[in-house]
Engineer: 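Following this message is one structure expressed as structure tokens.
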Amino acid sequence: MADILQNTYNRLPVAFERGEGAWLWDTEGHRYLDALSGIAVCGLGHAHPKIAAAVADQAHTLIHTSNLYRIPLQEKLARRLSALSGMDQVFFCNSGAEANEAAIKLARLHGHRRGIERPKIIVMEGSFHGRTMATLTATGNARIQHGFEPLLEGFIRVPFGDSTAVAEYRSDPEVAAILVEPITGEGGIGIPPDGYLRDLRALATENDWLLMLDEVQAGIGRTGRWFAFQHEEMLPDVLSLAKGLGNGVPIGASLVAGRAVDLFTPGSHGTTFGGNPLACRAALTVLDVMQAEGLREEASRLGSRLLRLLEERLGHQREVVEIRGRGLMLGIELDRPAGELVRTALDRGLLINVTAERVVRLLPPLIINDAQVAEIADTVSDIVLELIDKTERHRITA
């Protein structure tokens with residue numbers, strides 16, 4: 001029956017039928033500890049009772065009316081996000097790619113307002129912004145762009161984490177914006193040098209560029225702050241959110257401040273489903289639970305503990321290039337391909353991911369406990385050490 005689906009995923013041979021907290025159960029009754037959270041989506045874990053109750057209640061009340069009318073829950077959610085972020089206005093959509101599409105359109109509007117006929121956006125090597133044509137072009141991964149040429153024009157690519165490389169485009173009169181992830185997700189949990197975002201903020205202000213941050217993966221408490229940019233105490237012009245905002249209910253958001261405010265006007269952008277009552281009720285409940293349970297603080301504490309446990313077991317291995325993370329967004333970079341570890345972990349009841357070919361990516365739910373952190377650290381360390389040992393034995397006998 002799998003052939004009825006278009007061949008877009010190399011799916012693992014498992015299907016889940018229920019979840020509870022950080023645990024998932026497959027159709028055969030086997031239990032798995034989820035250290036991926038649906039790729040940073042289910043920050044409150046699975047089947048959270050308050051999320052379930054809110055979604056069920058809203059489904060019994062009102063799911064959708066369209067953006068032709070006011071949506072009070074949307075306005076309430078926008079006020080909450082504005083208060084948490086310091087941003088001024090919000091546009092709601094359905095996904096991270098759509099939020100980044102909105103950012104790209106805002107950059108072009110800003111450029112045209114400045115009299116730039118063909119506005120350009122500075123983007124980063126190793127980035128990931130989505131799979132629509134514009135966000136695919138902005139993404140710094142030639143492999144996933146292959147076959148979709150011709151890509152869109154108007155993007156300049158520079159190394160991630162290098163503000164000096166961005167500064168070289170001060171004299172380019174066609175640059176209108178910078179688009180960057182504060183921490184790369186698909187690109188391998190790359191954490192830039194301290195002050196990087198502040199430097200970009202200064203460059204954007206100096207040159208009348210929009211500074212646009214893609215926090216689709218890093219936002220909503222995952223790094224220990226509501227938003228990753230808050231580790232540097234600066235403010236972007238555009239902020240893209242999705243994933244953890246709805247805990248599995250699809251929702252995205254494009255927040256704007258400063259020079260990006262009021263760039264959109266009626267008819268210049270829109271969405272059918274974005275910000276409907278069901279999605280906004282789910283997101284409001286996510287924020288309520290996170291605040292009531294102190295989950296940002298827990299993400300910081302537990303992330304530091306997980307990082308320390310991994311360092312203790314793996315930090316001395318020369319085959320481990322780096323162990324890095326912020327909050328519950330962690331990566332273990334090896335000096336060799338690590339893709340086989342996903343299946344190995346699955347066989348041992350742990351869900352992980354490998355990205356950028358060599359980086360074990362850990363994105364556990366924010367509601368995990370200390371015992372689950374220890375289990376993740378132990379299992380991941382065991383399988384990494386086994387891979388290293390197997391590779392070395394193969395090298396010796398070859």
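Heavy atoms only: backbone and side chains are in, while hydrogens, waters and symmetry mates are out.
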Engineer: Apply the side-chain hydrogen bond (donor to acceptor under 3.5 Å, both in side chains) test between N100 and each candidate in D214, T135, T139; give the one that qualifies.
Structural biologist: D214
Engineer: Taking only Lys NZ, Arg NE, NH1 and NH2, and the carboxylate oxygens of Asp or Glu, determine whether E293 and K50 approach each other closer than 4.0 Å.
Structural biologist: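 No.
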Engineer: Taking ring pair (Phe, Tyr, Trp, His ring centres under 6.0 Å) as the test, write out the residues that go with F16, two or more places apart.
Structural biologist: Y32
Engineer: Just to verify, what does D335 make a side-chain hydrogen bond (donor to acceptor under 3.5 Å, both in side chains) with, not counting sequence neighbours?
Structural biologist: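 Per chain and number, D335 pairs via side-chain hydrogen bond (donor to acceptor under 3.5 Å, both in side chains) with no residue.
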Engineer: Side chain to side chain contact (heavy atoms under 4.5 Å, CB included) between L245 and L81: does it pass, once the steps are laid out?
Structural biologist: CA-CA 10 Å; L245 182 57; L81 289 174; 4.2 Å; yes
Engineer: Mind listing the closest non-hydrogen atom pair of G96 and A242 along with its distance?
Structural biologist: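 Closest pair (atom of G96, atom of A242, distance): N-CB, 3.3 Å.
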Engineer: Would you please say whether a donor-acceptor pair under 3.5 Å links the side chains of R225 and Q230?
Structural biologist: no
Engineer: Using only atom types and a distance under 3.5 Å, with no angle test, would you say the side chain of T137 pairs donor to acceptor with the backbone of L152?
Structural biologist: yes
Engineer: Can you tell me if S254 uses its side chain to pair, donor with acceptor, with the backbone of A103 under 3.5 Å?
Structural biologist: no
Engineer: Is R170 salt-bridged to E206, going by a charged N under 4.0 Å from an acidic O?
Structural biologist: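 Yes, charged N to carboxylate O under 4.0 Å.
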Engineer: Is there a donor-acceptor pair under 3.5 Å between the side chain of N207 and the backbone N or O of L203?
Structural biologist: yes
Engineer: Does a salt bridge link D208 with R113, judged by any charged N lying under 4.0 Å from a carboxylate O?
Structural biologist: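 Looking at D208 and R113, the cut-off is not met.
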Engineer: Can any side-chain N or O of Q89 pair as donor or acceptor with the backbone N or O of D262 at less than 3.5 Å?
Structural biologist: yes
Engineer: Less than 4.0 Å between a side-chain N and a carboxylate O, is that true for D57 and R281?
Structural biologist: yes
Engineer: What side-chain donor-acceptor pairs closer than 3.5 Å can you find for residues 187-200, not counting sequence neighbours?
Structural biologist:
from: Y196; atom 1: OH; to: G161; atom 2: N; distance (Å): 3.3
from: R198; atom 1: NH1; to: E232; atom 2: O; distance (Å): 3.4
from: D199; atom 1: OD2; to: S163; atom 2: OG; distance (Å): 3.3

Engineer: Does any N or O in the side chain of N67 come within less than 3.5 Å of the main-chain N or O of G270, such that one atom is a donor and the other an acceptor?
Structural biologist: no
Engineer: Just checking, is any N or O donor in the side chain of N247 or H48 under 3.5 Å from an acceptor N or O on the other one?
Structural biologist: no
Engineer: I need the full list of ring pair (Phe, Tyr, Trp, His ring centres under 6.0 Å) pairs touching residues 74-122, with sequence neighbours left out, sorted by first then second residue.
Structural biologist: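 Checked against ring pair (Phe, Tyr, Trp, His ring centres under 6.0 Å) - neighbours excluded - the pairs reaching residues 74-122 are F91-H269.
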Engineer: Please list all pairs meeting side chain to side chain donor-acceptor pair (under 3.5 Å) that have one or both residues in residues 319-333, counting only residues at least two apart or in different chains.
Structural biologist: E322-R324, R324-E333
Engineer: Let me see the working for E311 and R308 under salt bridge (charged side-chain N to carboxylate O under 4.0 Å, His left out), right down to the final yes or no.
Structural biologist: CA-CA 5 Å; E311 286 280 5; R308 176 175 56 80; over 6 Å; no
Engineer: Treating S82 as the side-chain partner and A78 as the backbone partner, does any N or O pair qualify as donor plus acceptor under 3.5 Å?
Structural biologist: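 Not at all, since once roles are kept as given, no pair shorter than 3.5 Å links the two residues.
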Engineer: Taking only distance into account, with no hydrogens and no angle test, what donor-acceptor pairs under 3.5 Å do side-chain atoms of residues 338-345 form with protein atoms, sequence neighbours excluded?
Structural biologist:
from: E340; atom 1: OE2; to: K390; atom 2: NZ; distance (Å): 2.4
from: R343; atom 1: NE; to: D347; atom 2: OD1; distance (Å): 3.3
from: T344; atom 1: OG1; to: E340; atom 2: O; distance (Å): 3.1

